[in-house]
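None of these values were measured; they are calculated from a predicted model.
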Amino acid sequence: MDKSEELKIIEDMQAVVAQMRTDDIEENPDCEFEVFDCQCCGEEKSIAGSVVYDGIRLCNDCVLLAETGFALHKIETVQDLLTNMEDKKLEAQCNFLKQEEAGQNN
């Protein structure tokens, strides 16, 4: 697969995943403000556009990574993505703890 094919896949996935978020918000406007902790990136994200894969809820941003990874044959399972995202998730958790500590000290 050449670079132009890869770019086309990435652009297509971006459009599809963005539309998923838009569709969720149109169907239930409140979901834009409902949040959860993404099991992949570890960040608190909107439930709009999130997807559950094998019991693991991914935020819309991580859905984009997953679907692009699948389409480009870079990953085969969501577990592959979780493994690749461990450092980012740990960083998000550390930042959360730092914010909590700073809030307690004020």
Side-chain angles (χ1 to χ4, degrees):
M1 182 178 312
D2 67 15
K3 290 290 182 192
S4 65
E5 291 173 321
E6 288 181 356
L7 286 174
K8 175 73 170 124
I9 288 172
I10 292 168
E11 289 171 358
D12 290 348
M13 286 299 128
Q14 288 173 327
V16 167
V17 172
Q19 187 62 51
M20 290 168 54
R21 178 177 168 76
T22 300
D23 290 347
D24 281 357
I25 293 169
E26 285 176 0
E27 186 176 304
N28 177 10
D30 292 337
C31 76
E32 183 177 12
F33 306 105
E34 292 178 43
V35 295
F36 73 104
D37 291 329
C38 178
Q39 293 175 272
C40 185
C41 67
E43 295 180 18
E44 187 177 83
K45 298 288 189 92
S46 169
I47 202 159
S50 66
V51 175
V52 177
Y53 296 87
D54 300 324
I56 300 167
R57 181 173 293 279
L58 303 184
C59 68
N60 192 252
D61 294 333
C62 291
V63 169
L64 176 59
L65 294 173
E67 292 299 330
T68 302
F70 296 146
L72 295 174
H73 306 290
K74 301 289 185 185
I75 61 171
E76 293 182 23
T77 67
V78 171
Q79 190 58 48
D80 293 340
L81 179 62
L82 294 176
T83 299
N84 290 327
M85 295 286 288
E86 284 177 351
D87 289 343
K88 181 168 176 42
K89 183 177 181 179
L90 181 60
E91 181 181 343
Q93 291 169 338
C94 289
N95 288 337
F96 173 79
L97 292 174
K98 287 177 187 176
Q99 290 172 356
E100 286 291 309
E101 185 178 296
Q104 291 176 358
N105 291 333
N106 290 329

> How far does OG of S50 sit from CG of L58, to the nearest 0.5 angstrom?
Replying inline: 8.5 Å
>> Using every non-hydrogen atom in the two residues, find where D24 and I47 come nearest and quote the distance to one decimal.
In response: OD2-O, 4.2 Å
> Sub-3.5 Å donor-acceptor pair from the side chain of N60 to the main-chain atoms of A48, do we have one?
Replying inline: no
>> Looking at every non-hydrogen atom in both residues, tell me the closest pair between L81 and L65 and how far apart they are.
In response: CD1-CB, 4.1 Å
>> Using only atom types and a distance under 3.5 Å, with no angle test, would you say the side chain of T68 pairs donor to acceptor with the backbone of I9?
In response: no
>> So E43 and C59, do their side chains get closer than 4.5 Å, heavy atoms only?
In response: no
> Hey, what do you get for OG1 (T83) to CD (Q79), rounding to the nearest 0.5 Å?
Replying inline: 4.5 Å
> Closest approach of K45 and D61, non-hydrogen atoms and distance?
Replying inline: NZ-OD2, 2.6 Å
> Where is the tightest heavy-atom contact between Y53 and E67, given as atom of each residue plus distance?
Replying inline: OH-OE2, 2.5 Å
>> I'd like to know whether CD of E5 has more than 12 heavy-atom contacts from other residues, nucleotides or ligands below 6.0 angstrom.
In response: yes
> Any side-chain heavy-atom pair from V78 and L82 closer than 4.5 angstrom?
Replying inline: yes
>> Going by side chain to side chain donor-acceptor pair (under 3.5 Å), name the pairs with one or both residues in residues 7-16, residues two or more places apart or in two chains.
In response: K8-D12
>> Minimum heavy-atom separation for D23 and Q19, please, with both atom names.
In response: OD1-NE2, 2.6 Å
> If Ile, Leu, Val, Met, Phe, Trp and Tyr residues are connected whenever their side-chain heavy atoms lie under 4.5 Å apart, and connections chain through other members, are I25 and V51 in the same group?
Replying inline: no
> Between SG of C41 and CD of E86, what distance do you get to the nearest 0.5 Å?
Replying inline: 13.5 Å
What side-chain donor-acceptor pairs closer than 3.5 Å can you find for residues 32-39, not counting sequence neighbours?
residue, atom, partner, partner atom, Å
Q39, OE1, R57, N, 2.7

> Quick check: are there more than 12 heavy atoms from other residues, nucleotides or ligands sitting under 6.0 Å from CG of D2?
Replying inline: yes
